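One structure is given below, encoded as structure tokens.
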Amino acid sequence: MLFHSSIRRELARSFGATLVILFTIVLTMLLIRTLGLASKGSVNPEEIMLVLGYTVLGRMPTILTLALFIAIVSTLSRMYRDSEMVIWFSSGSSLGGVLQPVMRFSWPVLIVITLMVLFVWPWSNQQTDELRDRFEARGDLERIAPGEFQESSGGRRVFFIDRDTAEGTEGRNIFISTLEDDGSENVTSARSGRIETIGGRPFLILSNGQRLDISNTGELKVSEFEEYAAQIGVARISSRNEHARKARPSWELVKEPTMENQGELGWRIGVALTAFNFVLIGVATTVSNPRAGRGGNLFFTLFAFIVYFNFLNVGQRWVGSGMLGLGSMLFLLHGTVFLLAIGWLLARHHNVSLWSLARIGQNEKPQGQAGT
């Protein structure tokens, strides 16, 4: 049918253009964020693109959902604004008939969103966590880069080395600042240092330097040394079981139905339901006044998207804290939005509005008085 094919064709063009724009924006924002993590020492600078790829892949369900919603709203708004919808309605089509081609276009995207949020989202988070854990689990000596101040994996030490040898076992002009658990601080500097393994543990042997100890009461103590050994611990790699719930596969969340796991599972299922409800909302609520500006529907789209996803996050916290069950949250949030969207769609399909109901009530009131 010409009506269906024209809508699907325009939806495809709008969806493709919107997806490219949103992907570029999100990619830029995540790149800045990843570079910030690399500068703080949380991400290996050599693995920035890999971390960025996993992060963007995990954000794709949200990007696809917003792109689909914007494509539906912008396409229907353009058709209303150019009076195409009036022509199609005059030819026998109805608003309910618009839903069929929109759903035929949307269902492959909805399936992709569901699969990605249930399987790709936890996998990408797991890969990102493994990259971070492996980088943070390096020994403190491996983190030192010549000419740069570098923080240790535990955040208790700051290192600086002016230059080192090609093998990386010796260095010149070394500076180490350490913060102890009791609040005291010590600063050690040396002209040279070398790495030695003593008893199977790595040690940094400093030569010709001095040490400044600052107690938690502010007392200072300065000492000089010809040789000083400092053990540089090696952090252990976090086990797979210690990964965050966002990195756990969906079937593991189902097997272990704790409140926190159900909250995470409810969020994943909710993203898929949110995408479906946005299709209904886009068809039911989109209308364009040719005399009005073009930004009204776009503003509504962004506002509805932000509000809905905020409620989704609130529902996840409520399920995780035990305030609501998983089924109750899904029904109250997504079921309510579904019923409201269907009711709005039926009202517009039958040309029912609050203004028309009020006029009917005013017309019936005099007739009732005349009959009495």
Side-chain angles (χ1 to χ4, degrees), residues 1-20 22 60-118 269-290 294 296-298 300-305 308-309 312 330-331 333-354 356:
M1 186 177 179
L2 179 61
F3 176 58
H4 291 188
S5 61
S6 62
I7 290 182
R8 292 200 305 270
R9 184 168 56 251
E10 187 162 353
L11 282 173
R13 290 197 298 265
S14 179
F15 177 75
T18 305
L19 183 61
V20 171
L22 291 178
M60 282 305 297
T62 305
I63 298 174
L64 290 173
T65 301
L66 182 57
L68 180 62
F69 189 30
I70 292 178
I72 294 174
V73 173
S74 61
T75 298
L76 297 182
S77 298
R78 205 272 316 159
M79 297 180 69
Y80 276 109
R81 187 172 57 251
D82 295 345
S83 301
E84 288 188 20
M85 296 299 293
V86 177
I87 297 175
W88 289 116
F89 290 161
S90 302
S91 303
S93 299
S94 62
L95 186 61
V98 177
L99 184 62
Q100 182 178 356
V102 172
M103 288 301 302
R104 288 186 61 183
F105 170 80
S106 302
W107 72 262
V109 183
L110 296 177
I111 292 178
V112 172
I113 293 174
T114 303
L115 295 177
M116 292 196 71
V117 76
L118 291 178
I269 298 175
V271 171
L273 297 177
T274 299
F276 176 76
N277 283 339
F278 272 137
V279 175
L280 300 179
I281 294 173
V283 177
T285 61
T286 302
V287 64
S288 180
N289 185 357
R294 299 184 179 184
N297 286 323
L298 180 59
F300 166 77
T301 302
L302 298 177
F303 178 77
F305 182 84
Y308 201 166
F309 262 82
L312 182 62
L330 294 177
F331 177 78
L333 178 58
H334 305 287
T336 301
V337 175
F338 173 79
L339 294 177
L340 290 175
I342 289 295
W344 200 332
L345 184 62
L346 291 176
R348 288 195 57 200
H349 178 73
H350 295 288
N351 294 323
V352 177
S353 63
L354 295 177
S356 62

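Keep in mind the model is a prediction, meaning the values are calculated, not measured.
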Nearest-0.5 Å distance that lies between atom [atom1] in [X] and atom [atom2] in [Y]:
X	Y	atom1	atom2	value
L68	I72	CG	CD1	4.0 Å
T274	F305	OG1	CZ	8.5 Å
I70	L22	CD1	CG	5.0 Å
I281	Y308	CD1	OH	6.0 Å
L66	L302	CG	CG	6.5 Å

Seminar exercise, completed: T18 meets the side-chain hydrogen bond (donor to acceptor under 3.5 Å, both in side chains) criterion, sequence neighbours left out, with none
Problem set entry | Residue list, side-chain hydrogen bond (donor to acceptor under 3.5 Å, both in side chains) with T62, at least two apart or on another chain | none
By side chain to side chain contact (heavy atoms under 4.5 Å, CB included) - contacts of [X] (at least two apart):
X	answer
L273	I269, L330, H334
T114	L118, A272
F338	F276, N277, L280, I342
V112	L64, M116

Exercise. Sequence neighbours excluded, which residues qualify as ring-ring contact (aromatic ring centres under 6.0 Å, His included) partners of F69?
Worked result: F278
For this session: Taking all non-hydrogen atoms of both residues into account, name the closest pair between S106 and V102 and its distance.
Result: OG-O, 2.7 Å
Exercise. Which atom pair, heavy atoms only, marks the closest approach of G282 to L76?
Worked result: O-CD1, 3.9 Å
Counting only pairs under 3.5 Å, give me each side-chain donor-acceptor contact of residues 10-17, with atom names and distances, residues two or more places apart or in other chains.
residue : atom : partner : partner atom : Å
E10     : OE1  : R78     : NH2          : 2.5
E10     : OE2  : R78     : NE           : 2.8
E10     : OE2  : R78     : NH2          : 2.8
S14     : OG   : S74     : OG           : 2.9

